[in-house]
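Values in this document were obtained by computation on a predicted structure and should not be read as measured data. Sequence lines set the chain letters: A, B, ... in the order given, protein chains first and strands last, and positions in each chain run from 1.
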Amino acid sequence: MNPVAKNGILLCGFASVCTGLVTLTFIKTKPTIEAAELKNRYATLSQVIPDELHDNSLVTSCIQVQDDHLLGSQEPHQAYVATLNNKPSAIAIETIAPNGYSGQIDLIVGIKLDGAVTGVRIVNHKETPGLGDKIEKRKSDWVDAFIGTQVRDPKDPVWAVKKDGGRFDQFTGATITPRAVVTAVKNTVLFYQANQSALFAQAYGCGETNDE
Amino acid sequence: MSDLKELSWQGLWKNNPALVQLLGLCPLLAVSGTVINGLGLGLATTLVLLGSNISVSLLRAFIPNEIRIPVFVMIIASLVTSVQLLMNAFAYELYLALGIFIPLIVTNCAIIGRAEAYASKNSVLPSAIDGLMMGVGFTLVLVALGALREVLGQGTLLEGAEQLFGPVAADWTIQLYQLDHNFLVALLPPGAFLLMGLIIAIKNIIDEQAKARKLRHQPKPVIERARVSGKAQ
């Protein structure tokens, strides 16, 4: 057989076996990975809503929210209602910053009854290590700058990075990432302000994410 | 057996991938900020080295010379992806801490270097030992550098041990001294470069001194005088 053809077939063979092995590992580890990521997501909930603001289990107080513009994607998102003595006190909304440097950034924003932000955590991102990844709490405290902030109106000028005239630091060498996160947090607060009563009147239920 | 001992010594000291071959420096410098991070990446790299050397050695009869590099790359890439998935599933905290540097193990030249230089030309057991020892040598450097940078930069040792050893290790952190501000240079890549250079220098000094000591103890070679003219008296 023509040696080029033989090599081509061998390469195909190796590629198939290697891909098969990776696929097998992927299938076998998928449930464990999903469980670990869910656990991580729940752990961040208690970081965005301080303990003194609620006495209920955040994980089981889940509602589904949706918005065409303000949550970064048109699909339903989860939100977790915090209550004190059965009265709503805060909410943690999972949202998306669609315009990160390397794609979308998943985050959770905690908002008090009066619309002030209680905490923000980045759940998933693909930003550049050492540059954009400073939005992660484990890399820097930048994300704490949101605590206690309010959004006065949709055009509130302080809700931008300092380079754009706002109050939030950008990172040296990375402006797009913090800009995307600032916009996403602002939009989430705006969503909350527009839907506050509806959100807290909604019945709990998030489909398959109710803990088994 | 002494062949295997020689092989081990090569991987650990004489031909150490990080200190002598100077391979795999990107993950080495970026991830060696703490002992645990260095240990974690070192273990993942050793696992991949072991797997890739064994696979390449087992398959070496079936890999034609012309396509050996793409095949090596495929084997290494599949191994690294599998290791990444396994870490995502079973060592989630460490996976988050090491982040992008787990898939970057693929670019560690030490791995394809050993596949090409050794595993494709030797049988399985020596290749496995070579892979293991190169990995262990690399891990030792990662741990040494990690310890230096952690002590100088943060004043601690073994911070984050629970990421690798589970919740039982949550209080293994040794606080050597308190710092108001972290010694930033040690924690950032330039400091890693400098400390790395220091470690290589120390290794070279040790090697020089060992050589000098060996020479001192050898009997002076007797120089035979060669008569080229005249008669011996």
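Of all residues spanning residues 95-113 of chain A, none has a heavy atom less than 4.5 Å away from chain B's heavy atoms. Close approach to chain A, defined as a heavy atom under 4.5 Å from one of its heavy atoms, is seen in B:Leu59, B:Phe62, B:Ile63, B:Pro64, B:Glu66, B:Ile67, B:Pro70, B:Val71, B:Met74, B:Ile75, B:Ser78, B:Thr81, B:Ser82, B:Leu85, B:Leu86, B:Asn88, B:Ala89 of residues 54-89 of chain B, taken by number.
The closest donor-acceptor contact from the side chain of A:Thr118 to the backbone of A:Val48 lies under 3.5 Å. Between the side chain of B:Thr34 and the backbone N or O of B:Asn37, at least one donor-acceptor pair lies under 3.5 Å. Judged purely by atom type and a 3.5 angstrom limit, A:Thr25 uses its side chain to pair as donor or acceptor with the backbone of A:Leu21. Under a 3.5 Å cut-off, the side chain of B:Asn108 and the backbone N or O of B:Leu49 do not form any donor-acceptor pair. Looking only at distances, no side-chain donor or acceptor of A:Asp164 sits under 3.5 Å from a matching main-chain atom of A:Gly166. Looking only at distances, no side-chain donor or acceptor of A:Asn56 sits under 3.5 Å from a matching main-chain atom of A:Leu58.
At a cut-off of 3.5 Å, with distance as the only test, no side-chain donor of B:Asn122 or B:Asp130 sits close to an acceptor on the other residue.
Interface remark: B:Phe90 contributes side-chain atoms only to the contact with chain A (heavy atom separation under 4.5 Å). Neither the backbone nor the side chain of A:Glu34 comes within less than 4.5 Å of any heavy atom in chain B.
Contact detail for A:Phe168 and A:Ala145: the closest heavy-atom pair is CE2-O, 3.8 Å. The nearest pair of heavy atoms linking A:Gln150 to A:Asp114 is OE1-O, 3.4 Å. The minimum heavy-atom distance between A:Leu199 and A:Ile63, with the atom names listed, is O-CD1, 3.6 Å.
We find that A:Arg41 and A:Glu94 are joined by a salt bridge, their nearest charged nitrogen and carboxylate oxygen being less than 4.0 Å apart.
Options A:Pro3, A:Pro31, A:Cys18, A:Ala15 differ in how many heavy-atom pairs under 4.5 Å they form with chain B, and the most are formed by A:Cys18.
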